[in-house]
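Data block below; observations after.
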Amino acid sequence: MSFSRYAFSKSRLFLVPSSPLSFALNLNFSSHSPNPSNIHDALASFNRLLLLRPLPSVFEFAKILGAIVKMKQYRTAISLSSRAQSKSITPSLVFLNILINSYSHLGQMYFAFSVLGKILKMGHQPNTITLNTLMKGLCHNKMVGEALSFHDELVAKGFLFNEVSYGTLINGLCKAGKTRIAIDVLPRIERQGIKPDIVMYNTIIDGLCKDGLITDARDLCSEMIELGISPDIFTYSSLIHGFCSMGGWKEAYELLNEMFRKDINPNVYTFTILVDAFCKEGRIIEAQAVFATMMKCDKKPNVVTFNALMDGYCLRNNVNVSREVFNKMVKNGLAPDVISYSVLINGYCKNKMIDKAMDIFKEMHRRNLVPNTITYTSLIDALCKSGKISQAQNFIYEMHDRGHLPNIITYSTLLDALFKRQHFDEATTLFKKIVNLGIQPDVYTYTILIDGLCKGGRLNYARQVFQQLLMEGYRLNVQSYTCMISGLCKEGFVDEAMTLLSKMEENGCLPNLVTIETILRGLLEKNDNDKAKKFLLEMTDRGLFRK
DNA sequence: CTAGGGTTAG
């Protein structure tokens, strides 16, 4: 795909959204801060500049725009830039680069590229920052392939990229789940005389950790060290995160000690990773201890830290304490975000306190926070589970209206609800609808489907789906296999269930206690007591009852 | 005054 049509598009396409009312002339002549640190000061400075005669240079305007973008107020940056331009400020390259960044953050890549068009039309030469910003925008908006073609197109025209360019592309690839391709980038850029640096290595190390390939991540880290690049706080945070999420507490602890030895002090990221990891294991006491240590080290917890802790309490069904943590965060001067509210809503929902959840939902509206697909999904799940299907349906409509479309998790929730309420035909129809919408079912969806079909007396249909998935080599998990095994046992096909048990192990999926119990029960129900005894002994010998 | 890496929710 070529981007030339973006780059050379007519400037009439350069439409700017209308200015938000929020900054209706905030003229504050007394505050004379050259580096505004809050949005009101920034707006005031900008307005002041616009009133000066002669008009200050574009440099001054770009400086404020840069500060506004650092505060993530992209819409404001865009509005201000169009106001400056309407007052006959001629935008500089830096000014326009900032604008590209703002559009990219808002997901408006078409406008971002029309700014590139404007740059060319004005006779500016786009610099590496311009192009890197565009590539980053494409990557963040799920267009990594386009970012790569854009890069190739420019290389073909003789443009030279730098370390930041490749750091951007590598990150885009990793975040798109294409870590292997990201790794292949390293030798390729070396041939162009660009040295892989610590950012690129850290990005890939993090990607490998997230793929569960912690050994590969460690190997890559060693490779980096051999090249004379020492791991930094980013490297350690990613590796510690990787180990924690796989239960490798010993290794995580060793890495932490290694950090201390090297005088690399944990920061808010490192601490939050630990708080979160302990919370997810249900070890809330340890999470609290990390939190306390963090304060002692004079590292301030941020919203993310508080959110992780709140979720930890919710996971232990302690939604009231979670709410206290929420209040504590506010007392600490932090502003709860969409995730804080979603965690609380989910906590109340899981405890069947839907009214409380709805109160929080309204409160978040009052704070001008916009619920997203995840927030809605929690509510929909709770409503379905308590039989309030029409209310759940209303939320689905609301999601569409607000542009937060249901995703596979939302649909899986609905599918589960329909099966649990034994609306088998509606459930089957919904599954077909999901596929028709082009939404890829995940392993949870398939498990819900197979389980629902089995329990709905449609074993043959379930079998068919399962066979299909096995043939496609789809990575099913222990729950999926166990559902199918359970369905087979219930209809008396215990031999087939045992064949499937071998099959799952062949496919590298170990049975758990539920799987074994299911088969055992199947055998006993058929009065195959000898077989049951033999099976039990075999499983005991293999140590499958430990843990 | 502008560009790349690590933390949270269903």
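Chain A is the first sequence line, chain B the second, and so forth, proteins listed ahead of strands; every chain is numbered from 1. Values in this document were obtained by computation on a predicted structure and should not be read as measured data.
- Other residues, nucleotides and ligands place no more than 12 heavy atoms under 6.0 Å from the CZ atom of Arg316(A).
- Between the side chain of Asn101(A) and the base of dA3(B), no donor-acceptor pair under 3.5 Å is found.
- In this structure, Lys175(A) places its NZ atom where more than 12 heavy-atom neighbours from other residues, nucleotides or ligands lie under 6.0 Å away.
- Side-chain atoms of Asn127(A) stay outside donor-acceptor range of the base of dA3(B), with no qualifying N/O pair under 3.5 Å.
- Between the CG atom of Leu369(A) and the P atom of dA9(B) there is a distance of 18 Å, rounded to whole Å.
- The 12-atom threshold is not exceeded at CD1 of Ile285(A), counting heavy atoms of other residues, nucleotides or ligands nearer than 6.0 Å.
- The base of dG6(B) is paired with the side chain of Ser237(A) by a donor and an acceptor separated by under 3.5 Å.
- Out of dA3(B), dC1(B), dG10(B), the shortest distance to the side chain of Asn346(A) is found at dG10(B).
- A donor N or O paired with an acceptor N or O is not found under 3.5 Å between the base of dG4(B) and the side-chain atoms of Thr168(A).
- Closest heavy-atom contact between Leu415(A) and Phe431(A): CD1-N, 4.0 Å.
- In this structure, Leu99(A) places its CG atom 13 Å from P of dA3(B), rounding to the nearest Å.
- Whole-Å rounding puts the Phe395(A) CZ to dG10(B) C1' distance at 14 Å.
- At whole-Å resolution of the value, CZ in Phe306(A) and P in dT7(B) are 20 Å apart.
- The stretch residues 268-281 of chain A comes close to DNA chain B through Val268(A), Tyr269(A), Thr270(A), Thr272(A), Ile273(A), Asp276(A), Lys280(A), each having a heavy atom under 4.0 Å from the strand.
- Listed pair His241(A) / dT8(B) meets the phosphate criterion, a side-chain N or O lying under 4.0 Å from OP1 or OP2.
- Candidate nucleotides dG6(B), dA9(B), dT8(B) were compared by shortest atom distance to the side chain of Ile233(A), and dG6(B) ranks first.
- Atom CD1 in Ile119(A) sits about 14 Å away from atom P in dA3(B), given to the nearest Å.
- Taking every side-chain heavy atom of Thr410(A) into account, dG10(B) is the closest of dG4(B), dG6(B), dG10(B).
- The ring of Phe326(A) has its center closer than 6.0 angstrom to the ring center of Tyr341(A).
- Counting heavy atoms from C-beta outward, His151(A) and Tyr166(A) have side chains that approach closer than 4.5 Å.
- The NZ atom of Lys350(A) sits 7 Å away from the P atom of dG10(B) (whole-angstrom rounding).
- Phe306(A) has its ring centre less than 6.0 Å from the ring centre of Phe291(A).
- Atoms CG (Leu138(A)) and P (dG4(B)) sit 14 Å apart, rounded to a whole Å.
- Across dT8(B), dC1(B), dG4(B), the shortest atom-to-atom separation from the side chain of Glu163(A) is found for dG4(B).
- Phosphate contact (OP1/OP2 of dG6(B), side-chain N/O of Lys175(A), threshold under 4.0 Å): present.
- In terms of polar N and O atoms assigned as donor or acceptor, the side chain of Asn267(A) comes within less than 3.5 Å of the base of dG6(B) in a complementary pairing.
- dG4(B) atom P lies 23 Å from atom NZ of Lys195(A), rounded to whole Å.
- Side-chain N/O atoms of Asn407(A) and base N/O atoms of dG10(B) include a donor-acceptor pair closer than 3.5 Å.
- The side chain of Lys63(A) places no N or O atom within less than 4.0 Å of a non-bridging phosphate oxygen (OP1 or OP2) of dT2(B).
- The side chain of Lys300(A) places no N or O atom within less than 4.0 Å of a non-bridging phosphate oxygen (OP1 or OP2) of dT7(B).
- Listed here is the closest heavy atom pair of Lys299(A) and Pro266(A): CE-O, 3.2 Å.
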